[in-house]
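On a predicted model such as this, the values are computed, not experimentally measured, just so you know. Throughout, protein chains are lettered first and strands after them, A, B, ... in sequence-line order, and every chain is numbered starting at 1.
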2 protein chains.
Amino acid sequence: MAVTIKDVARVAGVSVATVTRALSTPEVVRPATRDRVREVAASLGYHPNRAARGLITGRTGNLGLLVPDLANPFFPGIVKGVQARAREADHAVFLADTDEDPAAEATLVRRLAKQVDGLVVCSPRMADAELRRLAGEVPMVLVYRRIPGIPSVTAGFLDGMRQAVGHLVALGHRRIAYVAGPKTSWANRERLRSLRAVVRTADVDLVEVGNVMPRFEGGVSAADRVLAASVTSVIAYNDLVAIGLLHRFAARGVPVPAGMSVLGFDDIPLAAMVHPALTTVALPQNRAGQAGVDLLLQLLDQPAPHTGPRRDQPAPHMGTHAGTRRELPTHLMVRGSTTSVH
Amino acid sequence: MAVTIKDVARVAGVSVATVTRALSTPEVVRPATRDRVREVAASLGYHPNRAARGLITGRTGNLGLLVPDLANPFFPGIVKGVQARAREADHAVFLADTDEDPAAEATLVRRLAKQVDGLVVCSPRMADAELRRLAGEVPMVLVYRRIPGIPSVTAGFLDGMRQAVGHLVALGHRRIAYVAGPKTSWANRERLRSLRAVVRTADVDLVEVGNVMPRFEGGVSAADRVLAASVTSVIAYNDLVAIGLLHRFAARGVPVPAGMSVLGFDDIPLAAMVHPALTTVALPQNRAGQAGVDLLLQLLDQPAPHTGPRRDQPAPHMGTHAGTRRELPTHLMVRGSTTSVH
DNA sequence: CGAAAGGCTGAAAACCTTTACAGATCTTGA
DNA sequence: TCAAGATCTGTAAAGGTTTTCAGCCTTTCG
C-alpha cells in the first residue's frame, strides 16, 4: 500500500541499506548513486515510516505536550509555541488536555511516554513527588512550574509583581486587594509570595481575598468581597478572574478605572478585547512553549544514560546539568483598567 | 530498558505468542495461563509498544487533528471534544495548528498521515480539489466544512440563522447589517447563503458590510461602516467580530443594546464574559469534535480496501457509505446585546 | 483401548527501518 | 601490473509486536 524503502531500492537498483544511507547519511554514498536514489525516493513520494525507524533508533521524533485546560486562553499560546518549535525540529506533537485532573496527568504521561522522546508538561497540578517520579521515567520539562531537579521554564513573577505594584503605587494607590487563585496552584503560591515580598518594601496595605477558581466565575464571585475591603485597586490571580471582577463591578455600578483600578496577570488575548481593556502583567506564552521544546531537545541530545541507570545517581535527564532552568522576562501592559486615585 | 513482551514471556514461563494472546485475545488461552501471564504483565508494568504493534497491524492507535488557529477560541472546544472521545477509544491525538495557512495544511496532513490511522480536519482553508486529493491518501473527516464524498460534521447554519433573524424581527428590527468574514471561508459562504435565504422570506432589509478578518480587529474595523448603514441591528460573522464591534461602539458612544443590537455566531466562552454579554448562535464545539472522532473511527472499522484498490472506484474511506455526514443542531443564546427597537 | 477431534501453545515469519560487518570495487603508489 | 588502502555497497541482524501454521496434549466417542 504505502511506498516503503524496498520499493525505492528496487526502482533505484540498489539495496535498502544504500537507500537509507543516501537519505540519512548522504556523505558516505557515491554522489551519482545518492542523487539517483534521492530522485527515485522523491518521485515515489517515499517518506520513512517513523514507527519502524523509532523501533531501532529509539527516537520517535515525537513530543508530548500536557496542558491542564485548553479552554483557558492562557494555554493555546503555549501550545502554539511548542508546535512552532517542534515543527522546526521536524517533530510532531501529541497533545493531551488533562481537564485539570491531577490523576489524569499521571495516566496521560505514562500513556504517552512510550510514543514520544520526551514531554513538555505545562502547569501540572500534581504533587512535586509524583512529578519527580514521572520525570525519572521519561525525559520531561516543566513549563510554568519549578521543581528542583527537573528542567523548567518559568517567568519572572517577582519582577512582574514589582512592576504591577510599582504602577499602582505611582498612581497613588495605597490599599491593594489580591484575589488569590487555587491554593493548590504553584503559580498562585509564587504570585502571592512575590506580591508579599514586594509589598513589604513598599508603603502599601495588602488585602488578600480568598481563593477562587482561576476562571471568570471566580472573579465574579470575589468582586463583592473586594468592594467590601475598601481598596482603590485590585490585582487578580489572572486575567480571567480580573475580567470576572470587571463584569461584576459593571453590574454593581462601580466604574472602572475611575472607582476601582483592576490589574490582571497573563495577558491573554482577551485582555485587550474587554472594555475597559485590561492592564495586566504579560507572561510569555509562545516563547515559553518554544523554550520548553528547546530545553527538551537539548536534554535529549545529552549522552544517553548508561543502560540500566543506577538507582542511586540521577539519570542524565533528571536535569542536573547546566542551562536546565530558564526564567523568561515579564512586562506590564498598561491599558485602560487602571488609573490614578481621584 | 523498557519492559518488553519477551520479559513477560520469560518470567511467566511461556512464549511471547502466548503473552500477546493472553492480552489481546484472552478467550483463546487457558484461564490458568491467561491469569498468570496477565499478573506477570501487570507486576512488571508491561505495556505493548504501540509503534511495534502498528508496524504489523497497520493501526497506530493515533489520530491526527488539524486546526487553523488554536488562538481562535472557537477551536479549543473542538479539540477538547476530539481528545475526550479519542481517549475513550484509547487513541492518542497529534495536534497541528496550521496558522491559517492553506499550504501548511497539505504539508501537515502528509506529514501526519504516516503516523495516524486517520485525521480530523477542522475548518480547512484549502481548496476542495486539494482536500479531495488528500482524502484519497489518508482516511479523513472534515469538521465545519462539507465536501461531497468526504465524511463531515457541520452544524445547522440555516436553522441558526432562522433563529437569529427571527429573534431580531420579533424585537422589531427591520434593517439588519451582516458583517461578513473572509471570502475564502466556507463557513462565511454558508452563513451568508443561509442569511440571504432567511431574509428572502422575511420582511427585512439586509445590508452586507464588506469582508473582514474573523477576529476582534475585523469587528473594530467594520463598526463605523455598520453605523453608517443606519441599521438597528447587526449580525457578525462570528463572536470575535461581534466583540470587536462592541468595542468600537463603546468607543463611539453608541449604547448596546439600546442604540444597536449585536448578534454573534459560535458562542465562544468569551461571549458570556463581555459586557453586555453577547447574544449569539451557539455552534456545538465539544460535540462536533466528538462526532468527528466517531465518524472517523467508524470509517476505520469499515472493511479494509482491497490490497491495491482500483483507481476507478473510490476506496471505502472516500466516504461513499451511509452515515457519513452529520449535521448538528444549533441554538440561539439570548443574552444582553440584543433588545427591542425603541 | 484406539483414533479422531478439539483446545492450547510454540516456532517462525512478517511489518519497515537502521546499522554493524563484511565484501566488492576503485584508486593510488610502487 | 600488483598490492594496499580507501571508498562504496550489500547482507543480515536487530528492534517489539502480531499472526499463521504446525504440533502437542487432552478429551471424547466408537
Side-chain angles (χ1 to χ4, degrees), chain A residues 1-38 40-41 44-62 90 92 111 113-117 304 307-308, chain B residues 1-38 40-41 44-62 90 92 111 113-117 304 307-308:
Chain A
M1 185 110 199
V3 32
T4 86
I5 199 172
K6 274 187 196 160
D7 302 321
V8 178
R10 187 165 28 76
V11 175
V14 296
S15 74
V16 296
T18 301
V19 175
T20 188
R21 278 189 288 249
L23 297 177
S24 44
T25 37
E27 65 279 6
V28 332
V29 35
R30 189 156 52 103
T33 320
R34 168 178 21 93
D35 294 345
R36 183 157 40 92
V37 170
R38 306 193 98 166
V40 171
L44 260 47
Y46 169 75
H47 292 280
N49 177 324
R50 308 184 73 116
R53 167 186 291 176
L55 210 48
I56 180 137
T57 61
R59 288 282 288 258
T60 61
N62 296 328
D90 196 29
R111 162 79 170 77
K114 322 274 169 179
Q115 313 203 66
V116 302
D117 296 333
T307 39
Chain B
M1 187 110 198
V3 32
T4 85
I5 200 174
K6 275 186 196 159
D7 301 321
V8 179
R10 188 166 27 75
V11 175
V14 296
S15 75
V16 294
T18 301
V19 175
T20 188
R21 278 189 287 250
L23 297 177
S24 43
T25 37
E27 64 278 8
V28 329
V29 35
R30 190 155 54 104
T33 320
R34 169 179 19 96
D35 295 345
R36 181 158 41 91
V37 170
R38 305 194 99 168
V40 171
L44 260 47
Y46 168 75
H47 291 280
N49 177 325
R50 308 184 73 114
R53 167 187 291 176
L55 211 49
I56 181 139
T57 61
R59 289 281 289 256
T60 61
N62 296 329
D90 196 29
R111 164 79 171 77
K114 322 275 170 182
Q115 313 203 66
V116 301
D117 296 334
T307 39

Quiz prompt | Heavy-atom pair of closest approach, residues A/T60 and A/Q115 | solution =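 Scanning both residues, the minimum pair turns out to be OG1-O, 3.3 Å.
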
Quiz prompt | Nearest heavy-atom neighbours spanning B/V29 and B/A22 | solution =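 Result for this residue pair: CG1-CA, 3.6 Å.
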
Of the listed nucleotides [options], the one nearest the side chain of [X]:
X	options	value
A/V29	D/dT17, C/dT17, D/dT9	D/dT9
B/R53	D/dT18, D/dG16, C/dT17	D/dT18
B/V14	C/dT9, D/dA14, C/dG10	C/dG10

Report which part of the nucleic acid [X] touches: base, sugar-phosphate, or nothing (heavy-atom distance under 4.0 Å, all strands).
X	value
B/T57	sugar-phosphate
B/R50	nothing
B/T33	sugar-phosphate
A/T20	base

To the nearest Å, how far apart are [X] [atom1] and [N] [atom2]?
X	N	atom1	atom2	result
B/I56	C/dC15	CD1	P	8 Å
A/N49	C/dA14	CG	P	18 Å
A/R59	C/dC16	CZ	P	24 Å
A/D7	C/dC16	CG	P	9 Å
B/L23	D/dT17	CG	C1'	11 Å
B/R36	C/dT9	CZ	C1'	12 Å
A/K6	C/dT18	NZ	P	14 Å
A/I5	C/dC16	CD1	C1'	8 Å

Quiz item: Of A/T4 and B/V28, whose closest DNA chain C nucleotide lies nearer the 5' terminus?
Solution: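 Nearest nucleotide further toward 5': that of B/V28.
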
Quiz item: For D/dC8, does OP1 or OP2 lie under 4.0 Å from any side-chain N or O of A/R30?
Solution: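 False: A/R30 side-chain N/O out of range (4.0 Å or more) of D/dC8 OP1/OP2.
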
Quiz item: Side-chain N or O of B/T18 less than 4.0 angstrom from OP1 or OP2 on C/dG10?
Solution: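 Yes, B/T18 has a side-chain N/O under 4.0 Å of OP1/OP2 on C/dG10.
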
Quiz item: Looking at C/dG10, does its base get a donor-acceptor pair with the side chain of B/R21 below 3.5 Å?
Solution: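 Answer yes: a donor N or O sits under 3.5 Å from an acceptor.
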
Quiz item: side-chain contact (heavy atoms from CB on, under 4.5 Å) between B/R30 and B/R36: does it pass, once the steps are laid out?
Solution: CA-CA 10 Å; B/R30 190 155 54 104; B/R36 181 158 41 91; 5.7 Å; no

Quiz item: If you measure from CG on A/D90 to CZ on A/R50, what distance do you get to the nearest 0.5 Å?
Solution: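 Result: 4.5 Å between the selected atoms.
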
Self-check item: Of B/L55, B/T57, B/N49, the residue whose pairing with B/R53 passes side chain to side chain contact (heavy atoms under 4.5 Å, CB included)
Solution: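 With B/R53 as partner, side chain to side chain contact (heavy atoms under 4.5 Å, CB included) holds for just one option, B/T57.
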
Quiz item: Which sits closer to the 5' end of DNA chain D, B/A17 or B/L55, going by the nucleotide each is nearest to?
Solution: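 Here B/L55 is the residue nearer the 5' end.
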
